**Student:** 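Have a look at the structure that comes next, please.
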Amino acid sequence: MSVLLPNALAQAPSQTGAPFGFVLAHDLLDPAAAQRLRADFPRYRGAGFFPHDAADCGPSINGLVDELTTGGFADELGLRIGVESLSQFPVLVTLCRALNRRHGTIHTDSRSKIATALIYLADDWPQTSDGCLRFLANDHDIDALVAPELRPVYGALAAFKRSDNSFHGHLPFEGERPVIQVAWLVDAHERDRKTRRGRTSRAIKWLTGRLDRWFGARRDRNAAHLD
């Protein structure tokens, strides 16, 4: 059963001109699927984005990823942001459950990307700008918005055409902020390279977590012995 609501993307405000092509949408996802998607979202150790692996996810997340990576969705999105036949480009899907405060600095995305879409799944968000995505006019002013900031709540989507001035970022936030990122890349080599790098990063974070827990347990045992 489809989770993407029909016509939600087509009705969302978008632009294809200066400063860069983007679309911001709300209520893109079926509200009835919210609980399933949250339950099926992977519980990564560590903050940041990790390559999608079906084995990490429950069936509803994998089904949504399938919908987001179809040629039809890509081409419809591409028309909204000024990229013709977006479906011709290789796709990389990454997922993020949590951020730390170093994330969100202003950037444009690498030249290996043609376009990026972010689909948010948080069930609620505090009445604050922290962690809310902003499309920006320059690389140095987080308040130079070119569109209303987007709260990362369930069903919200932000997508944009990568360019040298596709500046975006958010105010620092630490904690859970579940999101699926779909990126269309210049070629399969870049997709494979980014996938390998993401898997290596995940392995390092897993090992670092294990070592932190081991040293923490050892310190606790030593402290108990001294008492």
Side-chain angles (χ1 to χ4, degrees), residues 4 8-29 34 37 41 44 46-50 68 73-74 76-83 86 92-185 194 198:
L4 293 175
L9 182 59
Q11 295 171 0
S14 67
Q15 69 174 49
T16 57
F20 55 92
F22 65 81
V23 61
L24 296 170
H26 301 86
D27 303 320
L28 190 77
L29 304 177
L37 288 167
F41 201 89
Y44 297 122
F49 285 84
F50 301 100
L68 295 169
F73 179 81
E76 182 182 1
L77 183 67
L79 289 175
R80 305 305 309 283
I81 62 176
V83 182
L86 186 57
L92 174 65
V93 178
T94 54
L95 291 84
C96 172
R97 188 176 192 93
L99 298 178
N100 57 40
R101 296 189 69 81
R102 69 178 177 82
H103 292 108
T105 54
I106 302 173
H107 63 290
T108 62
D109 279 7
S110 69
R111 292 179 180 271
S112 62
K113 291 185 178 182
I114 301 295
T116 299
L118 297 153
I119 300 89
Y120 296 96
L121 299 173
D123 58 352
D124 196 7
W125 201 254
Q127 295 301 313
T128 173
S129 289
D130 296 355
C132 296
L133 183 70
R134 296 180 173 187
F135 288 144
L136 302 166
N138 57 55
D139 64 354
H140 58 271
D141 185 357
I142 195 66
D143 292 319
L145 279 72
V146 298
E149 67 180 11
L150 187 70
R151 297 175 69 235
V153 294
Y154 181 81
L157 172 140
F160 61 96
K161 177 183 178 180
R162 192 273 164 197
S163 70
D164 289 341
N165 63 339
S166 56
F167 300 112
H168 58 284
H170 59 76
L171 295 176
F173 172 80
E174 185 162 358
E176 290 205 358
R177 182 177 174 268
V179 59
I180 300 173
Q181 177 178 260
V182 184
W184 291 266
L185 306 180
K194 287 178 177 292

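Predicted, not measured: the structure shown is a model, and the values here were computed from it. No hydrogens, no waters, no symmetry mates; every other heavy atom, side chains included, goes into these values.
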**Student:** Going from CG on L118 to OG1 on T94, what distance comes out if it is rounded to the nearest 0.5 angstrom?
**Tutor:**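 These two atoms lie 8.0 Å from each other.
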**Student:** Backbone N or O of D109 within a donor-acceptor pair of the R162 side chain at under 3.5 Å?
**Tutor:**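 Side chain of R162 to backbone of D109: a pair is present.
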**Student:** Kindly give the heavy-atom pair with the smallest separation between A25 and A12, and that separation in Å.
**Tutor:**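 In this case the closest contact between A25 and A12 is CB-CB, 3.6 Å.
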**Student:** Between R102 and T105, which heavy-atom pair has the shortest distance, and what is it?
**Tutor:**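 Here R102 and T105 meet closest at O-CG2, 3.9 Å.
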**Student:** So, taking the atom named CG in L92 and the one named CD in Q181, what distance separates them when rounded to the nearest 0.5 Å?
**Tutor:**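 Separation between the atoms: 7.5 Å.
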**Student:** Only pairs at least two apart or in different chains count here, so list each salt bridge (charged side-chain N to carboxylate O under 4.0 Å, His left out) that has a residue in residues 122-131.
**Tutor:**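 For residues 122-131, and leaving out neighbouring residues, there are no salt bridge (charged side-chain N to carboxylate O under 4.0 Å, His left out) pairs at all.
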**Student:** To the nearest 0.5 Å, tell me how far T128 OG1 sits from L171 CG.
**Tutor:**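 Those atoms lie 7.0 Å apart.
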**Student:** So, using ring-ring contact (aromatic ring centres under 6.0 Å, His included) as the criterion, who are the partners of Y154 when residues are at least two apart?
**Tutor:**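 Result, ring-ring contact (aromatic ring centres under 6.0 Å, His included) vs Y154: none returned.
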**Student:** Test side chain to side chain contact (heavy atoms under 4.5 Å, CB included) on I106 and I142 and set out the steps.
**Tutor:** CA-CA 7 Å; I106 302 173; I142 195 66; 3.9 Å; yes
**Student:** Kindly compute the distance separating OG (S14) from CG (L24), expressed to the nearest 0.5 Å.
**Tutor:**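 Separation between the atoms: 9.5 Å.
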**Student:** Taking atom NE2 of H168 and atom CG of L145, what is their separation to the nearest 0.5 Å?
**Tutor:**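 So the gap between those two atoms works out to 13.5 Å.
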**Student:** What residues, two or more places apart in sequence or in another chain, satisfy ring-ring contact (aromatic ring centres under 6.0 Å, His included) together with F22?
**Tutor:**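 For F22, the residues satisfying ring-ring contact (aromatic ring centres under 6.0 Å, His included) (neighbours in sequence not counted) are F20, F135.
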**Student:** Name all residues meeting the salt bridge (Lys or Arg N to Asp or Glu O under 4.0 Å) criterion together with E76; count only those two or more places apart in sequence or in a different chain, and write none if there are none.
**Tutor:**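 Not a single residue meets the salt bridge (Lys or Arg N to Asp or Glu O under 4.0 Å) criterion with E76.
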**Student:** What residues form a side-chain contact (heavy atoms from CB on, under 4.5 Å) with E174, not counting sequence neighbours?
**Tutor:**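 E174: side-chain contact (heavy atoms from CB on, under 4.5 Å) contacts with N100, R101.
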**Student:** Is there a donor-acceptor pair under 3.5 Å between the side chain of R80 and the backbone N or O of A10?
**Tutor:**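 Side chain of R80 to backbone of A10: a pair is present.
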**Student:** Could you list the residues that satisfy side-chain contact (heavy atoms from CB on, under 4.5 Å) with H26, not counting sequence neighbours?
**Tutor:**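 Listed in chain order: L150.
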**Student:** Among all residues two or more places apart in sequence or in another chain, which pass the ring-ring contact (aromatic ring centres under 6.0 Å, His included) test with Y120?
**Tutor:**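 Listed in chain order: nothing, the list is empty.
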**Student:** Does T108 offer a backbone N or O that forms a donor-acceptor pair with the side chain of S166 under 3.5 Å?
**Tutor:**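 Present.
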**Student:** Kindly write out the residues that satisfy side-chain contact (heavy atoms from CB on, under 4.5 Å) with D27, not counting sequence neighbours, or none if the list is empty.
**Tutor:**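 Not a single residue meets the side-chain contact (heavy atoms from CB on, under 4.5 Å) criterion with D27.
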**Student:** Can you tell if the side chain of V93 reaches within under 4.5 Å of the side chain of L68, non-hydrogen atoms only?
**Tutor:**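 Result no, sub-4.5 Å side-chain heavy-atom pair not found.
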**Student:** Drop me the distance from R151's CZ to Q127's CD, to the nearest 0.5 angstrom.
**Tutor:**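 Rounded to the nearest 0.5 Å, the CZ-CD separation comes to 5.0 Å.
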**Student:** Can you name the residues that form a salt bridge (Lys or Arg N to Asp or Glu O under 4.0 Å) with R134, not counting sequence neighbours?
**Tutor:**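 For R134 the salt bridge (Lys or Arg N to Asp or Glu O under 4.0 Å) partners, ignoring immediate neighbours, are D143, E149.
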**Student:** Residues in ring-ring contact (aromatic ring centres under 6.0 Å, His included) with F173, at least two apart?
**Tutor:**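 Applying ring-ring contact (aromatic ring centres under 6.0 Å, His included) to F173 gives W125.
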**Student:** Is C96 close to P178 at the side-chain level, that is, under 4.5 Å between some pair of heavy atoms?
**Tutor:**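 No; the side chains remain at least 4.5 Å from each other.
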**Student:** Kindly write out the residues that satisfy side-chain contact (heavy atoms from CB on, under 4.5 Å) with A159, not counting sequence neighbours, or none if the list is empty.
**Tutor:**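 Scan of A159 (side-chain contact (heavy atoms from CB on, under 4.5 Å), adjacent residues dropped) gives V23, L77, A117, L157.
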**Student:** Do L99 and H170 touch side chain to side chain, with heavy atoms closer than 4.5 Å?
**Tutor:**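 Side-chain contact under 4.5 Å: yes.
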**Student:** Take I114 and L185 through the side chain to side chain contact (heavy atoms under 4.5 Å, CB included) test and state the conclusion after the steps.
**Tutor:** CA-CA 5 Å; I114 301 295; L185 306 180; 6.0 Å; no
**Student:** Using side chain to side chain donor-acceptor pair (under 3.5 Å) as the criterion, list what pairs up with R111, not counting sequence neighbours.
**Tutor:**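 Listed in chain order: D164.
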**Student:** Hey, does Y44 have a side-chain heavy atom less than 4.5 Å from the side chain of L95?
**Tutor:**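 Yes; the side chains approach each other to less than 4.5 Å.
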**Student:** Check whether any side-chain N or O of H107 sits under 3.5 Å from a backbone N or O of F167 as a donor-acceptor pair, and report yes or no.
**Tutor:**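 No; judged by distance alone, with no hydrogens or angles, the pair does not exist.
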